[in-house]
Structure formats: C-alpha cells, structure tokens
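Each chain gets a letter, A, B and so on, in the order the sequences are listed, and its residues count up from 1. Computed from a predicted structure; not experimentally measured.
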There are 2 protein chains.
Amino acid sequence: MKNTLSRRERVKLANRKAILSAAEEVFAQKGFYAATTDEIAERAEFSKGALYTYFRSKEEIFLSLMREKVGSLEKKIKESIKVTLNPIEGIENLIKAHLEFFEENKEFFQIMASERGRFEMGIKNRLRRELMRRFQSYLKEVEGVMKAAVDNKELKAIDPNHLAIALIGMIHSFTAQWILTGGESSLMELSPVITMLFFGGAKG
Amino acid sequence: MKNTLSRRERVKLANRKAILSAAEEVFAQKGFYAATTDEIAERAEFSKGALYTYFRSKEEIFLSLMREKVGSLEKKIKESIKVTLNPIEGIENLIKAHLEFFEENKEFFQIMASERGRFEMGIKNRLRRELMRRFQSYLKEVEGVMKAAVDNKELKAIDPNHLAIALIGMIHSFTAQWILTGGESSLMELSPVITMLFFGGAKG
DNA sequence: TCTAAAACTGACCAATTGGTCAAACATAAC
DNA sequence: GTTATGTTTGACCAATTGGTCAGTTTTAGA
C-alpha cells in the first residue's frame, strides 16, 4: 500500500519537499533576507510562478521549513532521552542525538544560528508563533532531563535552565566550528569530548 | 592638551563614531542585508549623502564597525589574561572579561552571532580579510591560555582548541539567552556559574 | 564682512526583487 | 479526440534601496 494519496497529490508533496530543500540551501548560504525567490525557484527547477502555488510568500517558505526541522529535532531529542531511565545516560544520548542531527542538517543549523535572534520579529504572524512554540518546547525538553538529573543528585544543584544553556552552548559551538572548518570529518567523533567536559569539567 | 587635531578633524571623528554607533543598532536589529543606509543615516541624524563622505559603501560601514569592535574585544581579553601568571586565574578573568564586554556591547554580540557564518564571503575584500585576521587572533588568544593551563597540568590533557571552543560556546550561549530574555539583570552575575561548570563540570 | 573650501542635502537613478497573472501546457476521464 | 481541470511559465509591475551629484549651507581664516 503506497498510501491513500492520489498520484497528483503525491507529486505535489514531492515538489513541495524539493522546494523546501532548495530553499534550505539558499537560506543557509545567504540568510533569509538576501536569499531570493528566483534562486530558490531555479535550484528547485521550477519557475517563480510555480513556487507561489506551493507557498504564499517567501516568509511562508522559510517558516514552513523551520517549523518542520525544529519539529524533527525535537522529536529526535525526545526519543534519545526516552530510551533510558537513567538521567546521565539520557544526557549522553542527548549529546549524541544533537550531533547526529546537526551533522545531517548542516544547513538547518546554519540558518538557526544566523536567524535565531530574529525569530521574535513579527510576533503576530501565526506561523512565527508556532515556530517559537516548537523551539521553546525543544528547549524545555533539554531542561527537563537536567532537572531530573539534578533531582536524582546525579548533577550538582544548579538551575536546570543554566545546565541546559551550558550544554547547548557547547554543542552549538563545536558544530559551528566543525562547519567553518569544512564539515568533512565526522561531528559525532566529538561526542566523547563534549560529554567528558560537560560532566567532569576541564580541571585536571 | 586636547590633542593635535583641529576642530574640524575632531568633529569629523565624532561624527564618524556617531554613524558607526547608529549603524551598530540597525545592523543588530535587522542584520546586514536588511539594514538600510537610509535608516542608518536617519538615526545618526545625517543625510544619506553625508554618510557617503564618511564611508565608501554600506559594507565599509559594517566592516569598519566590526573591525573596531573585534579589536577592542581582543584587547580586553589580552589584558584580562596578562594581569596574572596563574593560568586558572587567567581563565577566570577571561570569563569575566567576556561577560563584561558583551554586557557593554550587546548589539555587537548580536551582529557577530548572526553574521559570523558569513564573514568568509567575498574573501578578496581587504577589509574582510583584516576582520577575519583579527577574529582568528582573538580565538588564538583564548586557545593560548588553555594551552598554558594544560601544559601546567592544571587542566586535563585535552586539545586546547577544544577547550577554547567549549568555553566560548558556553559564554555565547549564556549571553544569547540573557539578550533574549530582555538583557535587564546583569550578565556578570553568571560568571560564577560558568566558571564552576567549565572547571568542575556538572556532575555532582 | 568676504571668500574659498569643506560639509551637507535630498531628489534622482539604476538595479534588484517579492509577488502577479494571462496565456500556454499537461493530465485524465469519457 | 474533446473537454475540463489543474499546473507551469516568464514577462511584467511596483516597491525598495545602494549609491550619486548638482546645488546649498556652514565654517574658518583674512
């Protein structure tokens, strides 16, 4: 069973994905504002007019893309935590899951790093509100594991919010550096260093 | 003694600073591409034409601003390290210096966070090359303290580059969060948490 | 006060770009 | 083959914006 969609609907969906994928590259390379709908259309091998039958505006392309990516990041993180009841192991898995996700979604990471500070702009926009909601939800997820580990006395009695900020900061920093230096070697290889530094600190 | 500059020259210099300061706000709020020279001119209380007697292009405004800011960040970091010969204390001072600088230069931090991934664009540009050189130099400075501390056996035998990435990531992450939540309370207050987490890790 | 140079203004220009739409094309059912 | 419906095209439009420059104002020294 393919599924319940007609041929037409399946083609539409595949085209939509192709457009979002092209947009991801362009947004990552140029940033939201400097990216042009012409270039997105060209890379997706459609005319500009066709783009606008799939999405109502450039902003809708951007927000749809980000919403889907943030959603799947959150899903991946949730799953990585759920496989164990041990909070320490949960955090280890969470680090690995992040690195794996960013390695597979380099462009998304670049977009997020560059546009995160402007998510709040135009708060009235329905899609923007939903994007922010999902992003918050992802952060709360990380904070939740930290709280569990603190309650368990497995981590120091530090504000779980601070613990989450610290770990995410380290992960982002390593990922950004990995991208700047070409993104060739595997990002996952850094998982042990990050784990060790986060849990044990740098002092010898 | 005021200095050796004529009244005219002093006014010119002050105006230049005012333009850069206006540009800093606009670039921070809108990003490089979406910032308009009209808005920069308006905020600096000049006509657009006058802007172009101070700078040759929008890009030159941007790069001049960033070059000066990265330069003074590097200077501050260097000084914070130099006051002590003890590497651990040096790193503590470095954390404080970072937080102090970002607290006083919120806009610069926002610009850096959002445009860092595109510094490399147009590498042929002289100003761009110089900006990158200064930025590398700043990173090397941080790496240098880490290496000293590792050689001293005060930190674990970890690649100093990794140690620098981890610490800077934590600092950036806390700063970004502080800005997102309004930037009201003092960022410096977070210095003990960061210091403790970096040296001692999260494990209880 | 007079003058020449420096500084400033803002209308203007050319290029870019998000978005539209009438016409052309493709598809599928009969 | 015909027709109706859905899809695509790309020329086009209006708005925006980086940058210019002829003309005006300000400055400072004589």
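The phosphate of D:dT8 (OP1 or OP2) has a side-chain N or O of A:Tyr54 nearer than 4.0 angstrom. For the OP1/OP2 pair of D:dT17 and a distance below 4.0 Å, the side-chain nitrogens and oxygens of B:Thr37 include no atom meeting the criterion. The side chain of A:Tyr33 contributes no N or O atom lying less than 4.0 Å from OP1 or OP2 of C:dT16. Here B:Asn15 reaches the OP1 or OP2 of C:dC8: one of its side-chain N or O atoms lies under 4.0 Å away. Dashed line: the shortest gap from a side-chain N or O of A:Ser47 to OP1 or OP2 of D:dG10 is not under 4.0 Å.
Closest to the side chain of A:Tyr52, out of C:dT17, C:dT20, D:dT8, is C:dT20. Checked against C:dC8, C:dT17, D:dT7, the side chain of B:Ala50 finds its nearest nucleotide in C:dC8. Ranking D:dG18, C:dA7, C:dT9 by closeness to the B:Phe46 side chain, first place goes to C:dT9. Of the candidates C:dC8, D:dT8, C:dG19, the closest approach to any side-chain atom of A:Ser57 belongs to C:dG19. For B:Thr53, whose side chain is taken as the heavy atoms from C-beta onward, the closest listed nucleotide among C:dC8, C:dG18, D:dT20 is C:dC8.
Tested against B:Leu163 for a side chain to side chain contact (heavy atoms under 4.5 Å, CB included), the candidates B:Val145, B:Ile158, B:Ile91 yield a single pass: B:Ile158.
The CZ atom of A:Arg56 sits 12 Å away from the P atom of C:dG19 (whole-angstrom rounding). Rounded to a whole Å, the CD atom of B:Glu60 is 16 Å from the C1' atom of D:dT20. Computed from coordinates, the B:Arg10 CZ to D:dA28 C1' distance equals 14 Å when rounded to whole Å. Counting to the nearest Å, the P atom of C:dG19 and the CZ atom of A:Phe62 are 14 Å from each other.
Under a 4.0 Å N-O distance rule, the pair A:Arg43/A:Glu39 qualifies as a salt bridge. Checked for salt-bridge contact, A:Glu143 and A:Lys147 miss the test: no charged N lies under 4.0 Å from a carboxylate O. The pair A:Glu79-A:Lys76 fails the salt-bridge criterion, with no side-chain N (NZ, NE, NH1 or NH2) lying under 4.0 Å from an Asp/Glu carboxylate O.
B:Ala35 comes within 4.0 angstrom of sugar-phosphate atoms only, judged by non-hydrogen atoms across all strands, and of no base. When heavy atoms are screened at a 4.0 angstrom cut-off, A:Lys48 is found touching base atoms of the nucleic acid.
Ring geometry for B:Tyr138 versus B:His98: interplanar angle of 30 to 60°, hence tilted.
Residue-to-nucleotide proximity on DNA chain C shows that, of A:Phe32 and B:Gly49, the 5′-proximal contact is made by B:Gly49.
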